[in-house]
Amino acid sequence: MEKITIEKAAVLKDKPSLNGIPFGKYFSDHMFIMDYDEGKGWHDPQVVPYADFSLSPAAVVFHYAQEIFEGMKAYRSPKGEVLLFRPLENARRMNSSAERMCIPQIPEDIFMEGLKALVELDQDWVPGAPETSLYIRPFTIATAPQLGVHASSSYRFAIITCPVGSYYPEGLNPTRIMIESNDVRAVRGGTGTAKCGGNYAASMRAGINAEKQGYSQVLWLDGVNRRNIEEVGAMNVMFIIGGKIITPALTGSVLPGITRKSCIELLETWGYEVEERELPAEELIKAAESGTLEEAWGTGTAAVISPIGEIAFEGKRHEIGGNRIGTVTQKLYDTLTGIQWGKVEDKFGWSIKVC
Ligand SMILES: *Cc1c(COP(=O)(O)O)cnc(C)c1O
């Protein structure tokens, strides 16, 4: 592996207050960058002061959206250590997204070493207040100036970070969501399993519509028959129906979340059976009407666990669990966040110490 060079910023920035800080607007002092050129491969891994990129207006990423990203966090433990949560899973998922988008693979060791070098150098940016963290955004963009529609011959991989406050400053309140029966997020064979920007661009209209109607997220249906539940907003989703835990199977249009995978592993060690299968919206709504839909929650790095208190479908509203957070939902939240922040014993070896 090529050695990572480090260029420190001459002047360090003031750190913002985390009270009510908007997500993803204040960035730390440094970033990791590495470039790829055809014939040369990935080269010049470096940690440099955070700064704008200079790109050709013809760069492939601007026209054909050849781009992928990841999302993860660094956490401050009670002992003052800086911890990462299952970072190798992010490196691997980034490479599977890369494969779908014809972007060259990044060796896992360079991803991991670049990430650790950056987080260690900017360790003072990992906040210590309860429920705060340093959000980490690795991404790769196609940089070659070419309007012809084919895969780029050059790329930039970068990692930037930003401190984030508590996701739940007012406590873990259930959200209201709406089943979207018009727009779809992804289709089998499309890019739903890749973490790519294009999926997000395509999802924004439905999100805006839902908000206008007083809902915080949409519950996506499959893109072929608009029948089965897939994800909630940009999170995976889980339900308890009649004592059984059900989550949509990874059938090709659902993003394989690391929080999802961790929840399944935790639930199974607690003795629950988790059904990964197709879940028709009709079955979900029937369960809500008959009172057997006990709990519902979304899973993802940003919120970790997001309890769902109400689902609307075809203009009708259905309350879940009395619009209060359920016991399994709460236990998952407490255990996962406990492991992430180094407060609960990590029997799985998920937590990696940076410094
Ligand atoms: C990132 C993402 C998730 C959640 O993945 P985590 O690894 O748990 O953060 C779920 N759905 C979509 C569409 C995503 O982009």
Side-chain angles (χ1 to χ4, degrees), residues 22-25 27 31-36 50 52-73 89-106 111 114-115 135-162 164 180 183-211 217-218 220 223 230-236 250 252-260 298 300-303:
F23 174 78
K25 281 202 174 171
F27 297 95
M31 62 184 179
F32 176 81
I33 56 172
M34 177 167 70
D35 290 317
Y36 176 96
Y50 182 93
D52 291 349
F53 293 163
S54 174
L55 290 176
S56 163
V60 174
V61 63
F62 296 138
H63 305 274
Y64 308 125
Q66 199 189 5
E67 185 269 358
I68 52 173
F69 67 94
E70 273 300 322
M72 55 205 296
K73 285 174 174 174
E89 295 285 336
N90 294 93
R92 290 182 177 149
R93 184 171 64 190
M94 190 152 191
N95 275 336
S96 77
S97 299
E99 194 282 323
R100 178 66 184 82
M101 305 303 281
C102 305
I103 291 172
Q105 298 284 300
I106 292 172
F111 181 102
L115 172 67
Y135 184 79
I136 303 169
R137 168 55 57 88
F139 61 105
T140 303
I141 53 173
T143 52
Q146 60 179 49
L147 294 185
V149 184
H150 46 88
S152 179
S153 55
S154 63
Y155 298 86
R156 169 160 287 186
F157 168 62
I159 308 176
I160 56 175
T161 73
C162 49
V164 291
E180 169 62 45
D183 289 359
V184 296
R185 191 193 79 89
V187 293
R188 215 170 281 189
T191 56
T193 53
K195 218 166 168 70
C196 66
N199 290 342
Y200 278 69
S203 76
M204 286 174 186
R205 183 172 71 177
I208 291 167
N209 272 339
E211 257 174 55
Q217 297 284 358
V218 299
W220 298 108
E230 298 221 313
E231 300 202 48
V232 56
M235 286 186 280
N236 297 111
L250 302 177
S253 42
V254 171
L255 197 284
I258 296 160
T259 320
R260 174 189 183 278
T301 295

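Keep in mind that this is a model prediction, so the values were computed, not measured.
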Please report the closest heavy-atom contact between V60 and S152, naming both atoms and the distance.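 Smallest interatomic distance, heavy atoms only, reads CG2-CB, 3.9 Å.
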
Test your reading of the model: is there a side-chain donor-acceptor pair from S253 to the backbone of A186, 3.5 Å cut-off?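 No; judged by distance alone, with no hydrogens or angles, the pair does not exist.
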
Would you confirm whether H63, through its side chain, and G148, through its main-chain N or O, come within 3.5 Å as a donor-acceptor pair?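 Between the backbone of G148 and the side chain of H63 there is no qualifying donor-acceptor contact (under 3.5 Å).
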
Taking the side chain from Y155 and the backbone from M34, do they hold a donor-acceptor pair closer than 3.5 Å?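 No, the answer is negative, given that no donor and acceptor are paired below the 3.5 Å cut-off.
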
Side-chain heavy-atom pair R156, D35 within 4.5 angstrom cut-off: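 Side chain of R156 against side chain of D35, heavy atoms only: contact under 4.5 Å found.
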
Roughly how far apart are I258 CD1 and N236 CG, rounded to 0.5 Å?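 The distance works out to 10.5 Å.
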
Mark yes when over 12 heavy atoms from residues, nucleotides or ligands other than Q105 sit less than 6.0 Å from its CD; otherwise mark no.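 Yes, because the 6.0 Å sphere around CD of Q105 holds more than 12 heavy atoms from other groups.
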
To the nearest 0.5 Å, how far apart are CD1 in I68 and CD1 in I103?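 Separation between the atoms: 4.0 Å.
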
Is there side-chain contact between T140 and Y36, with at least one heavy-atom pair below 4.5 Å?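 Side-chain contact under 4.5 Å: no.
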
Only one of R93, R92, K195, R137 clears salt bridge (Lys or Arg N to Asp or Glu O under 4.0 Å) with E70; which?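 Among the candidates, only R93 passes.
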
Roughly how far apart are I141 CD1 and L55 CG, rounded to 0.5 Å?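 Separation between the atoms: 5.0 Å.
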
Evaluate the side-chain proximity of L250 to R260: yes if any heavy-atom separation is below 4.5 Å, no if none is.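 Yes - at least one pair of side-chain heavy atoms lies under 4.5 Å apart.
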
Is a donor on one side and an acceptor on the other found under 3.5 Å between the side chain of S154 and the backbone of A144?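 The answer is yes, because a donor-acceptor pair under 3.5 Å joins these two groups.
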
Which heavy atom of F111 sits nearest a heavy atom of A91, and at what distance?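 So the two residues come closest at CD2-CB, 3.4 Å.
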
Nearest heavy atoms of G233 and W220, plus distance in Å: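 Residues G233 and W220, closest heavy atoms: O-NE1, 3.1 Å.
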
Main-chain N/O of C102 paired to Q66 side chain as donor or acceptor, under 3.5 Å: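 Yes; at least one donor-acceptor contact below 3.5 Å.
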
Hey, could you give me the OG1/CE distance between T259 and M235, rounded to the nearest 0.5 Å?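 Going from OG1 on T259 over to CE on M235, the span is 10.0 Å.
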
Do the non-hydrogen side-chain atoms of F62 and P57 ever get within less than 4.5 Å of each other?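 They are not in contact (no side-chain heavy atoms under 4.5 Å apart), so the answer is no.
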
Look up atom CD1 in I136 and atom CG in N90, then write down how far apart they are to the nearest 0.5 Å.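 Answer rounded to 0.5 Å: 8.5 Å.
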
When you measure from the side chain of N199 to the backbone of A194, do you find a donor-acceptor pair of N or O atoms at a distance under 3.5 Å?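 Here the side-chain-to-backbone pair exists.
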
How are the rings of Y50 and F27 set relative to one another: parallel (under 30°), tilted (30 to 60°) or perpendicular (over 60°)?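 Correct class here is parallel.
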
Evaluate the side-chain proximity of Q146 to S153: yes if any heavy-atom separation is below 4.5 Å, no if none is.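 Answer yes - side chains close enough.
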
Between R185 and E231, is there a side-chain N and carboxylate O pair less than 4.0 Å apart?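 Salt bridge: yes.
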
What are the two closest non-hydrogen atoms of I33 and A158, and how far apart are they?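 Closest heavy-atom pair between I33 and A158: CG2-CB, 4.0 Å.
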
Answer yes or no: is there a side-chain heavy-atom contact under 4.5 Å between F139 and I160?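 With C-beta onward as the side chain, the pair touches.
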
Search all heavy atoms of C162 against all heavy atoms of G24 and return the closest pair with its distance.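 Taking every non-hydrogen atom into account, SG-CA, 3.7 Å.
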
Does the side chain of N95 reach to within under 4.5 Å of the side chain of I106, using non-hydrogen atoms?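 Yes, at least one pair of side-chain atoms sits under 4.5 Å.
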
Show the nearest heavy-atom pair for residues A206 and V218, with the distance to one decimal.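 It is O-CG1, 3.5 Å.
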
